[in-house]
Q: 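There's a structure below that I have some questions on.
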Amino acid sequence: MNLDVIAAVGLVVLLSLVGLALWRPLVGRAPSLGRRVMRLSVVLAVAVALTGFGAYRLMNARSVQLLGHQVASIETDEKIVALTFDDGPTDRYVEAVLAALGAYRARGTFFVVGAAAQANQSALSALVAAGHEIGNHSFTHRRLVFVSVDTVAREVESTDRVIRSAGYRGPILFRPPFGKRLLSAPFYLRQNARTTVMWNLEPDSLSAIADDPQAMAKYVADNVRPGSIVLLHVWSGARAASRVALPLILEALTGKGYRVVGVSELLDGT
Ligand SMILES: [Zn+2]
């Protein structure tokens, strides 16, 4: 069942009917068949454009999700913050990442891609052994929009199996690839009582500072609030700046009195 497509088509039909219903009292009956076809085409085009715009806003929304529990930060007075790491893991960089977190007694949350975790089992095992939180970021990192609920289930559950096979026992939170979701993914997540974790700070997604580790650390230090969730990417060769920034970010956060905890601990406080 592809809820995203069903909802989009339904919305186009609904908006078209409303458009046509409004047009007649405003302008009167269409005098000819040609005019009627033209009128219908205009209404349809507007309905498709509105639906497309709405779907785009919704699929990327940081703090709104139609179904299921989702969080982008939490309200708390305690100086706690979560550092979340998307994609990967990769065997190549796991030591550097673990060393940085370990030096600051920080607990990271790793939203791993099932396929990458399967191909880099020692990295996943090392993250688990070091006590970090592991989250689910789908198996193939495809956009989970305009897909069926079955596809979402396959992506999520196969990744869960990889995570559990590494001996991880904690709760497995979910973060959609590219942060995108419409109805199918939220429907599945709600049915399965899974929490969707977004973020409210994304230093290495801001092109103006993504190549500058010092600037990324300063951005986090300037914008962090108790309960913030920070998104970082440290697993690919192209993300060297983020790996350099990691200890700087940890230094800045601990310097401000923050404790870096897993997202689940952050949620326990709410
Ligand atoms: Zn991702």
Side-chain angles (χ1 to χ4, degrees), residues 4 56 58-65 68 70-73 82-94 96-97 101 108-121 123-124 127-128 132-147 151-163 166 168 171-182 184-186 188-189 194-207 209-211 216 219-220 228-243 245-246 249 262-264 266:
D4 295 346
Y56 181 77
L58 186 62
M59 78 171 74
N60 293 302
R62 204 64 58 71
S63 51
V64 182
Q65 181 170 289
Q70 81 117 44
V71 59
S73 65
L83 294 188
T84 64
F85 303 87
D86 278 13
D87 313 334
T90 53
D91 292 342
R92 184 159 187 193
Y93 299 115
V94 71
V97 171
L101 290 169
T109 304
F110 293 87
F111 289 96
V112 301
V113 172
Q118 202 167 53
N120 294 266
Q121 282 187 11
L124 179 63
L127 294 174
V128 173
H132 295 292
E133 178 162 355
I134 309 295
N136 183 321
H137 195 42
S138 85
F139 196 82
T140 62
H141 204 270
R142 66 187 286 189
R143 285 174 173 75
L144 293 180
V145 293
F146 298 113
V147 295
T151 300
V152 176
R154 254 196 327 273
E155 287 277 344
V156 173
E157 289 164 19
S158 53
T159 303
D160 279 349
R161 281 194 289 277
V162 174
I163 293 171
Y168 180 73
I172 304 179
L173 301 168
F174 179 75
R175 175 173 282 164
F178 308 101
K180 292 184 194 295
R181 67 265 183 253
L182 274 171
S184 294
Y188 169 83
L189 295 164
R194 302 287 292 255
T195 299
T196 305
V197 179
M198 303 295 279
W199 59 88
N200 71 336
L201 294 177
E202 46 183 344
D204 65 14
S205 303
L206 306 173
S207 53
I209 59 170
D211 294 329
M216 284 194 271
Y219 162 86
V220 174
S228 285
I229 299 177
V230 183
L231 163 64
L232 286 165
H233 300 82
V234 291
W235 295 119
S236 77
R239 295 292 194 167
S242 297
R243 283 188 294 278
L246 180 56
I249 290 170
V263 174
S264 288
L266 210 62

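Nothing fancy with the numbering, it's 1 onward along the sequence. All of these numbers come straight from a predicted model, not from anything done at the bench. When a ligand or atom number is given, it counts from 1 through the structure's own listing order.
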Q: For Phe178 and His141, take the angle between the two ring planes, folded into 0 to 90°, and tell me which bin it lands in: parallel under 30, tilted 30 to 60, perpendicular over 60.
A: perpendicular
Q: I need the minimum non-hydrogen distance between Ala245 and Met216, along with the two atoms involved.
A: CB-CE, 4.0 Å
Q: Using salt bridge (charged side-chain N to carboxylate O under 4.0 Å, His left out) as the criterion, list what pairs up with Asp86, not counting sequence neighbours.
A: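 Per chain and number, Asp86 pairs via salt bridge (charged side-chain N to carboxylate O under 4.0 Å, His left out) with Arg175.
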Q: Within the side chain of Asn200, is there an N or O that forms a donor-acceptor pair under 3.5 Å with the backbone of Ile229?
A: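 Confirmed, Asn200 side chain pairs with Ile229 backbone.
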Q: With Ile172 as reference, evaluate Ile163, Ile134, Val156, Thr195 under the side-chain contact (heavy atoms from CB on, under 4.5 Å) test and give the passing residue.
A: Ile163
Q: With a cut-off of 2.8 Å, which protein N/O/S atoms are close to the Zn ion (ligand 1), if we only count those under it?
A: Asp87 OD1, His137 NE2, His141 NE2
Q: Kindly say whether Ser264 contributes a backbone atom to a donor-acceptor pair with the side chain of Glu133 at under 3.5 angstrom?
A: yes
